[in-house]
Enquirer: 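Let me give you the structure first, and then I'll get to my questions.
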Amino acid sequence: MKKNVLVIGGGGRCHAIVKALKRSPRVQKIFCAPGNAGIAADAECVAIGVEDAEGIVKFVEENAIDMTVVGPEAALAAGVVDALAAKGHKAFGPTKAAARIESSKEFAKQIMAKYNVLTAGYEAFDNFEQAWDYVKGRPLPAVIKYDGLAAGKGVVVALTYEEAEEALRDMLLDASFGKGRVVVEDFLDGPEFSFMCVVSGNKVYPLAMAQDHKRAYDGDKGPNTGGMGAYSPVPFVTEEIREKALNEIIQRTADGLVAEGVPFTGVLYGGLILTKEGPKVIEFNARFGDPETEVVLPRLESDFYDLVEAAVEGKDCETRWSPEAYLGVVLASKGYPGHYEKGAEIKGLGNVDALVYHMGTKRDGDKILTAGGRVLMVVGKGKTISEANEKAKAEIAKIDCDALFHRTDIGKASL
């Protein structure tokens, strides 16, 4: 019996999820709430907000949905999975309580400390003066994180005390992301990589490794963004490093959440760093990463729906991965992650011979317009990362939109 699936979200990550589900012979119909102009070509988009748990449950019941796949963190924090589970509906994603591994930096640190998960030392504060006194008495750089959801922008690596003070004022006194606490961490040095694993209680199904590029401009300059590009595989992550990360980070965290009475189902994303002592956790996310998903899921040769179903039902599942490299470059609105204009027309998309994921677009008649900070992601494929990079560059050149910019050095460390 073929399945009806609802995907919650509207960015590039959800476009990649939709495309992966579309490849499954087990899937009959895919809906996406709210979706975007690109997703509309692969699924039926429905106008329901990602935090509208009541509206989502109603849609699931009225449309005989067999599985709901929850994409963005806001939906998880809003308790969409809890609302569906309460009515007996299958949903791929953690409960609101388990999603605190992402929505609360302090909760994540407490779990890691208790269950001996490799990470940086830390202290948490809700008082500006106490936090500032602590930072002033320590060596730089200072890593300052807002203890909550901040759309990938609530982390500052302060290289000067002036930057540190400004970040603490911003988060604690000005409450830029809302009233809350901050976590001040020891600085870890080394190359970063993303290790996403599908988790079902104590079961862990590892996905392919990826590396994300957070800074806005070439050479890792400029402000932090939600991600300007990614690639997979990651050559510097050896099998030994992968096994250590899997067993001493992801598995221990999954086991710890079970022991705490908040078992995790869904994607546990480890934002990791390879230090001289080995891999350590920078942060956890409770869902697929964006833009890493766009280069990881295309490498999955086994059935994605099988994997989702296995996680929700607690069954075993084997995954197969393509050895080919995928490298994706994000095209963002000029000014992002600060102020940017929307509504610019994007031409030439029909000429692109590569995977194109829509992140922030909308349709106006026959036109595709920019509708967000990160707008598109073009993914090149090749036998090597260098080959995938050349393919991505060649296809980006076919896109005509003066309102967009992109980095030209994605994957440079591995070329």
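For the numbers below, each heavy atom of this structure counts, side chains included, while hydrogens, waters and symmetry mates do not.
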Enquirer: Measure from the side-chain N and O atoms of Asp409 to the backbone N and O of Asp218, and report whether any donor-acceptor pair falls under 3.5 Å.
Expert: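 No; judged by distance alone, with no hydrogens or angles, the pair does not exist.
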
Enquirer: Look up atom CG in Asp364 and atom CG in Leu369, then write down how far apart they are to the nearest 0.5 Å.
Expert: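 Going from CG on Asp364 over to CG on Leu369, the span is 5.0 Å.
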
Enquirer: Tell me whether Glu166 at atom CD has more than 12 heavy atoms from other residues, nucleotides or ligands lying less than 6.0 Å away.
Expert: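 Incorrect, the count does not exceed 12.
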
Enquirer: Please lay out, stage by stage, how Tyr269 and Ser194 fare under the test side-chain hydrogen bond (donor to acceptor under 3.5 Å, both in side chains).
Expert: CA-CA 7 Å; Tyr269 165 127; Ser194 305; 3.1 Å; yes

Enquirer: Would you call Arg169 and Glu165 a salt bridge, using N to O less than 4.0 angstrom?
Expert: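 The answer is yes: the pair qualifies as a salt bridge.
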
Enquirer: Kindly write out the residues that satisfy side-chain hydrogen bond (donor to acceptor under 3.5 Å, both in side chains) with Asp255, not counting sequence neighbours, or none if the list is empty.
Expert: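 Asp255 satisfies side-chain hydrogen bond (donor to acceptor under 3.5 Å, both in side chains) with Asn202, Gln251 only.
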
Enquirer: Please test Tyr122 against Glu185 for side-chain hydrogen bond (donor to acceptor under 3.5 Å, both in side chains), starting from the C-alpha separation and ending with a verdict.
Expert: CA-CA 4 Å; Tyr122 79 103; Glu185 289 186 358; over 6 Å; no

Enquirer: What is the minimum heavy-atom distance between Val155 and Lys145, and which atoms define it?
Expert: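 Taking every non-hydrogen atom into account, CG2-CG, 3.8 Å.
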
Enquirer: Go through Asp82 and Thr95 one step at a time and tell me if the side-chain hydrogen bond (donor to acceptor under 3.5 Å, both in side chains) criterion holds.
Expert: CA-CA 5 Å; Asp82 305 66; Thr95 60; 4.7 Å; no

Enquirer: So how far is it from Lys244 NZ to Thr238 OG1, rounded to the nearest 0.5 Å?
Expert: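 It comes to 11.0 Å.
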
Enquirer: State whether the number of non-hydrogen atoms from other residues, nucleotides or ligands found under 6.0 Å of Lys334 atom NZ is greater than 12.
Expert: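 Yes, NZ of Lys334 has more than 12 neighbouring heavy atoms, counting only those of other groups under 6.0 Å.
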
Enquirer: Taking atom CD of Glu239 as the centre, does the number of heavy atoms from other residues, nucleotides or ligands within less than 6.0 Å exceed 12?
Expert: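 Yes, the 6.0 Å shell around CD holds more than 12 heavy atoms from other groups.
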
Enquirer: Quick check for you: to the nearest 0.5 Å, what is the distance between Asp170 atom CG and Ile144 atom CD1?
Expert: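 Nearest 0.5 Å value for the CG-CD1 distance: 10.0 Å.
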
Enquirer: Mind checking ring-ring contact (aromatic ring centres under 6.0 Å, His included) for Tyr134 and listing every partner two or more places apart, or none if nothing turns up?
Expert: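 Tyr134 satisfies ring-ring contact (aromatic ring centres under 6.0 Å, His included) with Phe125 only.
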
Enquirer: Parallel under 30°, tilted from 30 to 60°, perpendicular over 60°: which one fits the rings of Tyr161 and Trp132?
Expert: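 Rings of Tyr161 and Trp132: perpendicular, over 60°.
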
Enquirer: Return yes when atom CD of Glu277 has more than 12 non-hydrogen atoms of other residues, nucleotides or ligands closer than 6.0 Å, and no otherwise.
Expert: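 Yes, enclosed.
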
Enquirer: Does a sphere of radius 6.0 Å around NZ in Lys381 hold more than 12 heavy atoms from other residues, nucleotides or ligands, not counting ones at 6.0 Å or beyond?
Expert: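 Atom NZ in Lys381 is not packed in, count stays at 12 or less.
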
Enquirer: Quick one, Arg287 and Val70 - any side-chain contact, counting heavy atoms below 4.5 Å?
Expert: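 Heavy-atom side-chain distance check fails, nothing below 4.5 Å.
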
Enquirer: Would you call Asp220-Arg407 a salt bridge at under 4.0 Å N-O?
Expert: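 Salt bridge between Asp220 and Arg407, a charged N being under 4.0 Å from a carboxylate O: yes.
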
Enquirer: Do you know which two heavy atoms are closest between Met67 and Ala91, and how far apart they sit?
Expert: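 Reported closest heavy-atom pair: SD-N, 4.3 Å.
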
Enquirer: Are any of the side-chain heavy atoms of Asp290 and Met359 separated by less than 4.5 Å?
Expert: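 Yes, side chains in contact.
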
Enquirer: In the structure I gave you, are the side-chain heavy atoms of Thr370 and Thr361 within less than 4.5 Å of one another anywhere?
Expert: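 No; the side chains remain at least 4.5 Å from each other.
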
Enquirer: Answer whether the closest heavy-atom distance between the side chains of Val182 and Leu168 falls below 4.5 Å.
Expert: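 Touching, per the 4.5 Å side-chain cut-off.
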
Enquirer: Inspect the surroundings of NZ in Lys398 and state if more than 12 heavy atoms from other residues, nucleotides or ligands are less than 6.0 Å away.
Expert: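 Enclosed: over 12 neighbouring heavy atoms sit under 6.0 Å from NZ of Lys398.
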
Enquirer: Do you know which two heavy atoms are closest between Val296 and Trp321, and how far apart they sit?
Expert: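 It is O-CZ3, 3.4 Å.
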
Enquirer: Does a side-chain heavy-atom distance below 4.5 Å link Leu376 with His358?
Expert: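 In short, these two side chains touch, coming nearer than 4.5 Å.
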
Enquirer: Flag the pair Thr253 / Tyr115 as yes when at least one side-chain heavy-atom distance between them is below 4.5 Å, and no otherwise.
Expert: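 Side chain of Thr253 against side chain of Tyr115, heavy atoms only: no contact under 4.5 Å found.
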
Enquirer: Looking at Lys276 and Asp189, is there a salt bridge between them, counting it only when a charged N and a carboxylate O are closer than 4.0 Å?
Expert: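 Looking at Lys276 together with Asp189, the answer is no, because their closest N to O distance does not fall below 4.0 Å.
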
Enquirer: Do Tyr305 and Asp66 touch side chain to side chain, with heavy atoms closer than 4.5 Å?
Expert: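 In contact.
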
Enquirer: Nearest 0.5 angstrom please: Phe193 CZ to Ile282 CD1, how far?
Expert: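 So the gap between those two atoms works out to 9.0 Å.
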
Enquirer: Taking the side chain as everything from C-beta on, heavy atoms only, tell me whether Ser24 gets closer than 4.5 Å to Lys3.
Expert: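 No; the side chains remain at least 4.5 Å from each other.
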
Enquirer: Identify the two heavy atoms, one from Leu76 and one from Ala286, that lie closest to each other, and give their separation to 0.1 Å.
Expert: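 In this case the closest contact between Leu76 and Ala286 is CD1-O, 3.2 Å.
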
Enquirer: May I ask you to decide if the ring planes of Tyr357 and His15 are parallel, tilted or perpendicular, using 30° and 60° as cut-offs?
Expert: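 Plane angle over 60°, so perpendicular.
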
Enquirer: Is NZ or CZ of Arg100 both nearer than 6.0 Å to the six-membered ring centre of Phe107 and within 45° of the ring axis?
Expert: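 Yes; both conditions hold, so Arg100 lies above the ring face of Phe107.
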
Enquirer: Return the CD1 to CE distance between Ile410 and Met228, rounded to the nearest 0.5 Å.
Expert: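 These two atoms lie 7.0 Å from each other.
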
Enquirer: Around atom NZ of Lys136, are there more than 12 heavy atoms of other residues, nucleotides or ligands at under 6.0 Å?
Expert: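 Yes.
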
Enquirer: Nearest 0.5 Å please: distance from the CG atom of Asn116 over to the CD1 atom of Ile111.
Expert: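 Spacing of CG (Asn116) from CD1 (Ile111) equals 13.0 Å.
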
Enquirer: Students often mix this up, so state it plainly: with edges at 30° and 60°, are the rings of Tyr217 and Phe405 parallel, tilted or perpendicular?
Expert: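 Tilted, since the angle between the ring planes falls between 30° and 60°.
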
Enquirer: Hydrogens and angles aside, do Arg374 and Thr225 bring a side-chain donor and acceptor to less than 3.5 Å of each other?
Expert: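 No.
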
